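Right, one structure below, let's go through it.
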Amino acid sequence: MLPVTPTEFTPWSALGGGVLIGLSAVMVMALFGRIAGIVGITAGAATASDRDWRIAFIAGLVAAPLLWWLASGGFPAQTVSARLPEMAVAGLLVGAGTALGSGCTSGHGVCGLARLSGRSLVAVVVFMAFAALTVFVLRHVIGGAA
């Protein structure tokens, strides 16, 4: 049985994170004319001719937790209840879904919905439906929680 870890309600850090995600998406669109999808940015960092900004974007993703640590004096407490094989399978499924959907949650969910893209709306509905289904299966079918 998988342990169920409650999620803490952290409105201020969630608001701050959301503002930073939105700001970064706007900056990528304004400065480079590109959609800020993490998968596309990461894939292009290895092959695209405009990889400098992509590498800087990824470096920012890596640096953000370190800046949080410097500012607050510690990392937020986190618990990962999944085992490594489960996380590997989940990562592969996310990668396959991203390839099938021609974009990731950040590209479709943040940027696509903000641009009123019908394709992104469909993608986000599918993402959310499968996320709910996955949680249900893990917690109530495989995990055996009531």
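Model, not experiment: these values are computed from the prediction. In what follows, every heavy atom counts, from backbone to side chain, and hydrogens, waters and symmetry copies are set aside.
- Residues Ala25 and Ala36 approach most closely at CA-CB, 3.8 Å, considering heavy atoms.
- Here Arg34 pairs with nothing under the side-chain hydrogen bond (donor to acceptor under 3.5 Å, both in side chains) rule; sequence neighbours left out.
- Applying the side chain to side chain contact (heavy atoms under 4.5 Å, CB included) criterion to Leu23, with sequence neighbours excluded, gives Met27.
- For the pair Asp50/Phe32, no side-chain contact is recorded, criterion being any heavy-atom separation below 4.5 Å from C-beta on.
- No side-chain heavy atom of Arg54 sits under 4.5 Å from any side-chain heavy atom of Thr42.
- Separation of atoms CZ (Phe130) and CG (Leu93) is listed at 10.5 Å; rounding is to 0.5 Å.
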Distance-only donor-acceptor pairs under 3.5 Å for side chains of residues 115-129, two or more places apart:
{"residue": "Ser117", "atom": "OG", "partner": "Arg119", "partner atom": "N", "Å": "3.4"}
{"residue": "Ser117", "atom": "OG", "partner": "Ser120", "partner atom": "N", "Å": "3.2"}
{"residue": "Ser117", "atom": "OG", "partner": "Ser120", "partner atom": "OG", "Å": "3.4"}
{"residue": "Ser120", "atom": "OG", "partner": "His108", "partner atom": "ND1", "Å": "2.8"}

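- Residues Leu31 and Trp53 have side chains not in contact (no heavy-atom distance under 4.5 Å, counting atoms from C-beta outward).
- No path of Ile, Leu, Val, Met, Phe, Trp and Tyr side chains, each step under 4.5 Å between heavy atoms, connects Val39 with Ile41, placing them in separate hydrophobic clusters.
- Taking CG of Leu92 as the reference point, atom CE of Met87 lies at 12.5 Å (rounded to 0.5 Å).
- Placement of Met29 and Ile38 in two distinct hydrophobic clusters is found when ILVMFWY residues are connected by side-chain heavy-atom separations under 4.5 Å, directly or transitively.
- Transitive grouping of hydrophobic side chains (ILVMFWY, heavy atoms separated by less than 4.5 Å) brings Leu133 and Ile142 into a common cluster.
- For Leu15, the side chain to side chain contact (heavy atoms under 4.5 Å, CB included) test picks out Trp12, Val19, with sequence neighbours left out.
- Under the rule for a side chain to side chain contact (heavy atoms under 4.5 Å, CB included), the partners of Trp68 that lie at least two apart in sequence or sit in another chain are Ser13, Ser72, Pro76.
- Considering CZ of Phe75 and CG of Leu66, their distance stands at 5.5 Å, rounded to 0.5 Å.
- Every pair tested for side-chain hydrogen bond (donor to acceptor under 3.5 Å, both in side chains) that includes a residue from residues 16-31 fails, sequence neighbours excluded, so the list is empty.
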